[in-house]
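For reference, the structure is listed below as structure tokens.
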Amino acid sequence: MSDRDTVLGAIRRGLGRGPLGSDARAALDRRQGATDSDPLLPGLPHGPLAQIFRAGLEKVAGTMSEIASLDAVPEAVAGYLAGHGVALEAAVAPSLGALDWSAAGISASIGSTRGDDLTGISLAWRGVAENGSLVLLSGPENPTSLNFLPDHHLVVLRSDDLVPYPEHVWSALRERGEKGWPRTVNVITGPSRTADIELTIQLGAHGPRSLHVLLVD
Amino acid sequence: MESLSHAFKERSVHALKDETLQVALHRAKDGFAVKRAKAVEGLPEFDALRDRAVAIKNHTLEHLDHYLERYADAVERSGGTVHWASSAEDARRIVVDICRAADAKMITKGKSMVGEEVGVNGALEEAGFEVVETDLGEYIIQLAHEPPSHIIVPAVHKTRGQIADLFHENHAKYGLTRKLSEVPEMVNEARQVLRSKYLAADVGITGANFLIAETGTSVIVTNEGNGDLTCSLPRVHIVTAGIEKVVPTAEDASTLLRLLARSATGQDMTTYTTFSTGPKREGDPDGPEEYHVVLIDNGRSTMLADQFREMLRCIRCGACMNHCPVYGAIGGHAYGWVYPGPMGSVLTPLSVGLKEAGNLPNACTLNGHCAEVCPVRIPLPDLLRTLRHREYQLKLGLKPLRWGLAAWVWFTAHPRIYRIGTRVQARMLALLAGRKGRFTRMPLAGGWFKGGRDLPAPQGETFMAVWKRRQKDSAR
Ligand code: SF4
């Protein structure tokens with residue numbers, strides 16, 4: 001007997017029944033989640049999604065600036081870095097590689113990082129208003145390492161990609177069909193933090209010390 | 001992990017006398033409860049979501065074989081490998097074998113309670129691998145060679161001074177020369193040292209908060225980002241997960257996630273919620289080449305058979321221990337195994353046996369706080385009561401207690417003798433206590449009076465006698 005059969009057999013003994021018939025299994029597959037109903041979604045505050053998103057993000061020590069177009073991103077990044085006394089260098093996701101970084105005075109290395117870049121710049125796939133969370137998908141155009149190794153993480157989010165709840169992200173992923181889920185889906189809510197020493201909250205445990213969102217109209 | 005639960009009493013006494021521990025526990029106690037209450041207050045749907053969560057977990061457990069098969073098939077479709085472990089020993093062997101096959105030298109670990117449960121670290125170290133815990137709390141207790149004392153904040157029992165000492169002793173080899181004193185510089189010190197480990201590791205091992213059957217995805221939540229560096233930088237990613245972690249869809253996971261962080265730390269949402277599906281895809285610049293999931297039974301399937309199935313709903317949030325007066329007084333180590341507090345007092349006897357851990361269910365005041373705050377409504381006091389009952393039936397309890405109870409049962413079955421007995425006793429005790437009206441010593445019960453407690457003496461009359469007298473008076 002395979003290990004799989006051993007464990008499944010023990011589970012069925014615990015449940016006091018044999019394997020389910022194919023009808024029962026098909027019925028389970030047709031269900032919409034465990035409760036077979038629409039998810040119960042908490043009410044959101046009134047107002048535009050961008051405003052709710054910002055409130056969630058700021059509650060967890062993230063920051064945000066709104067800019068008019070994608071082309072204006074490098075300039076805004078340069079302003080942010082200069083304002084924080086950080087060198088104008090960054091590891092940039094290939095999805096943002098076509099922007100004119102040098103015109104804004106930023107020396108950009110396009111691609112993933114091995115930890116020697118102080119700043120990483122990524123493109124979010126969605127933003128979730130409920131808690132001010134960013135959703136980033138891994139892929140050739142979006143290296144996961146940029147989300148965690150740099151000290152400062154700057155994330156570009158298109159306002160059209162803002163959704164109210166994470167449930168909207170899951171249905172959008174389902175609609176990708178074949179491609180389905182990438183290796184990694186990162187839902188990021190604020191900069192890295194720890195409370196492991198005397199329950200004192202300290203930002204920048206292992207991941208970025210600061211998280212800044214550039215919301216593009 | 002080996003259990004020390006048989007020594008619960010001695011360990012509790014020790015904990016109560018440990019002044020440093022008492023300082024650390026005191027700091028933790030109210031912080032957690034207040035933060036949770038605030039977070040819950042901010043979500044009017046909290047209670048309705050709890051009902052949903054119970055329904056999600058119950059349905060999945062009822063069809064656990066089906067959802068695990070769906071999950072495993074989906075993992076294989078995405079290019080990952082699923083391993084099935086019936087016992088702790090199986091789990092250890094599987095993990096060691098994967099690391100050997102990968103020709104690994106260094107292994108980083110994200111926090112995994114089931115990893116602690118089956119003793120992954122010990123097995124890997126014995127097999128000659130270097131294992132580094134990356135969650136700051138886990139890293140601290142690894143340096144101290146201690147087990148976690150809390151399932152969310154493993155080093156909650158340590159003070160800043162103790163942590164400074166640990167770094168001072170262990171980080172000289174990384175160039176640390178002075179003793180640190182502030183929290184930010186300590187966090188930074190760990191950040192620098194662990195960076196090099198992440199980048200050098202061949203294998204990363206994480207736990208899973210949820211497994212999603214539909215997509216074959218494992219979900220971890222961390223605040224530090226250590227879990228992400230652990231599962232995205234090394235060549236091989238191993239997930240260790242209990243079989244009860246599976247849920248049908250990502251929507252189900254979202255419902256549970258709304259409860260988890262609020263119940264655990266009082267956050268609305270943990271910083272990093274990470275969904276891993278298979279190894280890295282073609283063209284991905286980073287991510288592991290191999291993705292393994294070890295599904296661990298280790299006694300869980302047996303719990304499906306009776307009342308203890310309810311315990312399998314547990315999402316390991318820690319709220320029950322944060323609201324437990326016993327945990328608050330003695331901390332996690334006294335419990336002697338991986339899981340402390342109310343949930344641990346249920347899980348430990350089921351896992352290591354009532355003979356070893358029969359005392360844990362007795363260390364409960366049955367005040368019910370744990371059940372009130374449990375996000376998945378586990379009736380912890382009821383389960384503890386059942387375990388007490390089992391312990392009694394197995395004749396494992398303390399002899400004096402068993403005799404005492406037997407005598408009491410006989411007396412209550414003979415009310416007349418009982419009444420005469422109590423009348424004599426009340427008078428005797430009142431006489432013995434004298435004018436003070438309080439006892440500070442008593443034969444056979446020395447332990448109770450330790451630490452300056454006293455006991456009021458009876459007034460000389462029993463309740464029944466007073467009642468009868470009053471009845472007569474008012475009839476007149
Ligand atoms: S028993 Fe309930 S409160 Fe305790 S850790 Fe589990 S889910 Fe949380």
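Each chain gets a letter, A, B and so on, in the order the sequences are listed, and its residues count up from 1.
Between the side chains of A/N147 and B/D228, not a single donor N or O lies within less than 3.5 Å of an accepting N or O. The closest side-chain donor-acceptor pair between A/D36 and B/H59, if any, does not fall under 3.5 angstrom. With hydrogens and angles left out, the side-chain atoms of B/E224 and A/T194 include a donor and acceptor closer than 3.5 Å.
Annotation for A/S112 and B/D286: closest pair CB-OD2, 3.4 Å, computed over non-hydrogen atoms.
Looking at A/L134, there are no atoms closer than 4.5 Å to chain B (heavy atoms on both sides), in backbone or side chain. Proximity to chain B is limited to the side chain of A/E130, based on heavy atoms less than 4.5 angstrom apart. Neither the backbone nor the side chain of A/A24 comes within less than 4.5 Å of any heavy atom in chain B. Both the backbone and the side chain of A/R4 come within less than 4.5 Å of a heavy atom of chain B. Interface residue A/N131: only side-chain heavy atoms are found under 4.5 Å from chain B. Of the atoms belonging to A/R31, it is side-chain heavy atoms, and not backbone ones, that fall under 4.5 Å from chain B. In this structure, chain B has a heavy atom under 4.5 Å from the side chain of A/Q202, while its backbone stays farther away. With a 4.5 Å cut-off on non-hydrogen atoms, A/D38 touches chain B through its backbone but not through its side chain. The contact between B/Y198 and chain A is made entirely by side chain atoms (from C-beta outward), counting heavy-atom distances below 4.5 Å.
Note: A/W170 and B/F275 have tilted aromatic rings, judged against thresholds of 30 and 60 degrees for the angle between ring planes.
Note: A/P182 leads A/A195, A/P182, A/S171, A/P166 in heavy-atom pairs under 4.5 Å with chain B. Of all the listed residues (B/I140, B/N188, B/L68), the one sharing the greatest number of non-hydrogen pairs under 4.5 Å with chain A is B/N188. For the set A/G111, A/G16, A/P19, A/P191, the entry with the most heavy-atom pairs within less than 4.5 Å of chain B is A/P191.
The residues A/E167 and B/R258 are annotated as salt-bridged, a charged nitrogen and a carboxylate oxygen being separated by less than 4.0 angstrom. A salt bridge links A/R174 and B/E251; the closest N-O separation between the charged side-chain nitrogens and carboxylate oxygens is under 4.0 Å.
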Derivation and outcome, salt bridge (Lys or Arg N to Asp or Glu O under 4.0 Å), residues A/K59 and B/D268: CA-CA 10 Å; A/K59 189 172 172 186; B/D268 296 339; 2.6 Å; yes
Salt bridge (Lys or Arg N to Asp or Glu O under 4.0 Å) between B/R191 and A/D196, worked out: CA-CA 13 Å; B/R191 178 186 171 103; A/D196 272 347; over 6 Å; no
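The salt bridge (charged side-chain N to carboxylate O under 4.0 Å, His left out) search around A/E66 returns A/R54, not counting sequence neighbours. Under the rule for a salt bridge (charged side-chain N to carboxylate O under 4.0 Å, His left out), the partners of A/R17 that lie at least two apart in sequence or sit in another chain are B/D65.
Within the model, atoms CH2 of B/W84 and CD1 of A/I11 stand 6.5 Å from one another, a figure rounded to the nearest 0.5 Å.
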